Amino acid sequence: MIADQLFDWGWAIDHLDEVWSAVVEHVALTALAVGIGMAISLPVGVYAYRHRRAYAPVTWVAGILYTIPSLALFAFLVPLTGLSYLTAEIGLVSYTLLILIRNVVAGLDGVPQDAREAATGMGYTDRQLLWRVELPLAAPVIVAGLRIATVTTIGLVTVTALIGLGGLGIFILRGLGRFFNTMILLGAVLSAALALVADWALTAAQRQLTPWARRQRTVVG
Amino acid sequence: MEECRTVLCWFADPANWSGANGIPTRFLEHVWMSGLSVGIAAALALPVGLFIGHTRRGAFLAISIGNLGRAIPSFAILALALPVTIRLGLGLGFWPTVIALVALAIPPILTNTYAGVAGVDDDTLEAARGMGMREGQLLRRIELPLAAPLVVAGLRTAAVQVVATATLAALVAWGGLGRYIVDGFAQRRNDRVLGGAILVAVLAIVTELVFGLVERAVRPRTESRERRRLGLRAPAAGAEAPGGA
């Protein structure tokens, strides 16, 4: 049956509980994936920055992971890890790596040599240099990557509906199955809104944390 | 004798290589759908990107479309296109998929074309104008060649995403390689799911490699270290637009 009504507000209000728990699941799946992705990408990116020879193979592997279609990747994983959060997270994390690693390296590349030399001259150790000079100066570019990774992940979470998770993707999938526009619209509009809010929040956070970068133009995305 | 249900047997079974649900047919459907969608998207986004990049007018529009395009999940666009095409009498399957894939492909092509043309050095343009080039010549002989790697990078991102996403077409009753994955899930046949997944993954990687070669071929030979230092080299998949927008 094709409902004639474009959006059934009554249905939406009756199902607010479900909508809310889908939003929470969506945010949780995304936050966990981006968090783990960052925890992997930061050390790998720093390593690839210091050992240039490692950069090509690292981005090559991350690039292949990034290229594998999400539905195909979940299909590979389901026989191994089942219809589980683990399956979803392995897939979601793999898609964040290329973007994050590349931006960590690009960010560190963009740190002015003068700043490094000044810090070294002041007696900073390598570790202090990294945490107090290089990473803060690279932050705008790293956050730019974080934004792309987050927005991409929010979109990909909808696909995990096919393996029984999906957050708001569940609404899209069920809506498709029943030709029920209200469910499709709810899932689509809310996930897009979530992506825009996340993008905006990360930008705002970055501006607060790196006040010196406000006047500067961002280098590479 | 028990039926063999590993993915190797699935590939070896001659029945899977012929007919409407055979691998060659599904493969061609997938390639045709992807090519058509990227073609339509390029026909729409390239001229607009060139115009915005050349005149530097409407950059905000390009960036907004890029951001919005990333924010709306393609699965959602596919699902939203379905009721529209049904109402317009275009039916299931083909058209909703084309609409979703074109919408997916436009942002990377548009933002990269814009960024590539807008990123051409002002001094270079000034020199070309000084040599008496008209605006049309400027676009064709200076801006387009210099922007080419970024433009191709945009096409590459778009094409790889489209090949990957065309898999979802099976959810709205169209063909392509996604059929094996979606049907395999429904029938609990892991051999089919895996077979389909391998085929799509290979197609996506081949697409990436082919566009990578094109990107290398169109890279201007004069590219200086300065250009690379400024980050004007072509970004690979995923980084549609330089700058945090």
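Below, chain A is the first sequence line, B the second, and so on; all start at residue 1. Model, not experiment: these values are computed from the prediction.
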For each of Thr59(A), Ile68(A), Ile172(A), Leu162(A), tally heavy-atom pairs with chain B at distances under 4.5 Å, and name the one with the top tally. Ile172(A)
Which pair of non-hydrogen atoms, one from Ala188(A) and one from Ala76(B), has the smallest distance, and what is that distance? CB-CB, 3.4 Å
Please examine the side chains of Leu71(A) and Val200(B), heavy atoms only from C-beta on, and report whether any two atoms are closer than 4.5 Å. no
Highest number of heavy-atom pairs under 4.5 Å with chain B: which of Ala149(A), Ala75(A), Ala195(A)? Ala75(A)
Spacing of Ile184(A) atom CD1 and Leu80(B) atom CG [to the nearest 0.5 Å]: 6.5 Å
Phe74(A) vs Ile181(B) side-chain heavy atoms within contact, under 4.5 Å: no
Which portion of Leu78(B) sits near chain A, non-hydrogen atoms under 4.5 angstrom: neither
Heavy atoms from other residues, nucleotides or ligands near CH2 of Trp11(A) exceed 12 (cutoff 6.0 Å): yes
Hey, are the side chains of Ile198(B) and Phe76(A) touching, using non-hydrogen atoms and a 4.5 Å cut-off? yes
Go through the atoms of Phe75(B) and report whether side chain, backbone, both or neither lie under 4.5 Å from a heavy atom of chain A. both
Tell me whether the count of non-hydrogen atoms from other residues, nucleotides or ligands lying under 6.0 Å of CZ in Arg53(A) goes above 12. no
Do other residues, nucleotides or ligands put more than 12 heavy atoms under 6.0 Å from the CZ atom of Phe94(B)? yes
Using non-hydrogen atoms only, which part of Val78(A) is less than 4.5 Å away from chain B: side chain, backbone, both, or neither? side chain
Go through it in stages, so that I can follow the logic: the residues are Phe185(B) and Ile163(A), the test is side chain to side chain contact (heavy atoms under 4.5 Å, CB included), and I'd like the CA-CA distance, side-chain angles, deciding distance and then a yes or no. CA-CA 9 Å; Phe185(B) 265 135; Ile163(A) 56 168; 4.1 Å; yes
Side chain from CB out, backbone as N, CA, C, O: work out which of these in Val172(B) comes under 4.5 Å of a heavy atom of chain A, or both, or neither. side chain
Do other residues, nucleotides or ligands put more than 12 heavy atoms under 6.0 Å from the CH2 atom of Trp174(B)? yes
Please find the pair of heavy atoms, one from Ala192(A) and one from Pro73(B), that lie closest to each other, and give the distance. N-CD, 4.3 Å
Name, in order of residue number, those residues of residues 23-37 of chain A that have a heavy atom at a distance of less than 4.5 Å from a heavy atom in chain B; otherwise write 'none'. none
